[in-house]
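For reference, the structure discussed in these notes is given below.
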Amino acid sequence: MQKASKKNKQAVASCKELTIRPPAKKKEESREDFVTLLPPEVSFKIFSELDIQSLCKAAMTCKSWNRAIENSDYLWKHHCLTVRAVCQREIDCDRGNGYSWKVALLRNYWKSKVKHEWLSGKYSNIHSRCGLPEKSMYPMDADTWGEILEAELER
């Protein structure tokens with residue numbers, strides 16, 4: 001009975017040893033990241049959950065993350081379509097001119113923020129330029145200003 005018990009303890013000890021990585025191996029694996037370890041579909045799913053600022057920060061984290069993010073138009077499409085809700089004409093024009101989802105997004109992101117604030121009436125009751133916040137302006141074409149003026153007239 002004691003012999004069997006002793007053998008079981010030895011077998012358990014050897015199984016534990018199999019699950020414990022040697023220090024050198026553990027150190028080597030800690031330098032790897034999930035993008036290199038997981039299938040690309042899983043990495044893209046993780047990245048697709050990020051907001052635009054987090055996605056941009058993630059692209060600057062390391063080379064493998066940058067390659068995965070920068071080379072995936074799919075990751076930028078969702079954010080670009082969100083911006084399109086405010087800048088439809090601009091996004092459609094950029095896409096029609098062959099710009100990728102990422103480039104179309106980057107070209108129109110800040111414009112969409114400012115345009116949204118103007119269209120929502122945030123600046124309706126400001127009586128002079130001094131009353132405008134510092135980041136309330138962005139270069140916009142005549143059609144965009146026309147949209148803003150129409151929205152103001154309807155208020």
Check whether Asn66 reaches the backbone of Met60 with its side chain - one donor and one acceptor, N or O, closer than 3.5 Å. no
Please, which pairs that meet salt bridge (Lys or Arg N to Asp or Glu O under 4.0 Å) have at least one residue in residues 34-51, sequence neighbours excluded? Lys45-Glu49
Nearest non-hydrogen partners of Glu152 and Ser124, listed with the distance: OE2-OG, 2.8 Å
Can you sort out the partners of Asn71 under side chain to side chain contact (heavy atoms under 4.5 Å, CB included), two or more places apart, ordered by chain and number? Arg67
Any donor-acceptor pair under 3.5 Å from His79 side chain to Leu50 backbone: yes
In the single-linkage hydrophobic clustering (I, L, V, M, F, W, Y; side-chain heavy atoms under 4.5 Å), do Leu106 and Ile52 co-cluster? no
Does atom CG of Asn125 have more than 12 heavy-atom neighbours, drawn from other residues, nucleotides or ligands, at distances under 6.0 Å? no
Is it possible for you to say whether Trp76 and Phe44 belong to one hydrophobic cluster, with membership spreading through side-chain heavy-atom contacts below 4.5 Å? yes
Return the set of residues passing side chain to side chain contact (heavy atoms under 4.5 Å, CB included) with Gln88 (not counting sequence neighbours), or none when no residue passes. Arg84, Asp92
With ILVMFWY side chains joined below 4.5 Å, transitively, what does Tyr99's cluster contain besides itself? Val103
Could you see if Tyr74 belongs to whatever hydrophobic cluster contains Ile69? Use Ile, Leu, Val, Met, Phe, Trp, Tyr and a side-chain cutoff under 4.5 Å. yes
Could I get the full list of salt bridge (Lys or Arg N to Asp or Glu O under 4.0 Å) partners for Glu70, not counting sequence neighbours? Lys102
If I compare all heavy atoms of Val35 with all of Ser64, which pair ends up nearest, and what's the gap? CG1-O, 3.8 Å
Scanning both residues in full, the closest heavy-atom pair of Leu119 with Arg155 reads O-NH2, 2.8 Å
Heavy-atom closest pair (Met140 atom, Ile148 atom, distance to 0.1 Å) is SD-CD1, 4.2 Å
Under a single-linkage definition using a 4.5 Å side-chain heavy-atom cutoff for Ile, Leu, Val, Met, Phe, Trp and Tyr, are Tyr123 and Leu149 assigned to the same hydrophobic cluster? no
Just checking Lys113: does its NZ atom have more than 12 heavy atoms from other residues, nucleotides or ligands closer to it than 6.0 angstrom? no
Taking every non-hydrogen atom, the tightest pair across Arg95 and Ala104: CD-CB, 4.3 Å
Could you check Leu75 against Trp101 for side chain to side chain contact (heavy atoms under 4.5 Å, CB included), going step by step and ending with a plain yes or no? CA-CA 9 Å; Leu75 292 173; Trp101 288 109; over 6 Å; no
Step-by-step side chain to side chain contact (heavy atoms under 4.5 Å, CB included) determination, Val83 to Glu90: CA-CA 10 Å; Val83 167; Glu90 295 89 340; over 6 Å; no
Heavy-atom nearest pair, Ile91 first then Cys80, reads CD1-SG, 3.7 Å
Verdict with supporting geometry, His78 and Leu55, side chain to side chain contact (heavy atoms under 4.5 Å, CB included): CA-CA 12 Å; His78 166 72; Leu55 188 61; over 6 Å; no
Distance from Leu38 atom CG to Ile46 atom CD1, nearest 0.5 Å? 5.5 Å
Taking Ala68's backbone N and O only, do any of them form a donor-acceptor pair with Ser72's side chain (distance below 3.5 Å, no angle check)? no
Those residues that, when tested against Trp65, pass ring pair (Phe, Tyr, Trp, His ring centres under 6.0 Å) (two or more places apart): Phe34, Phe47
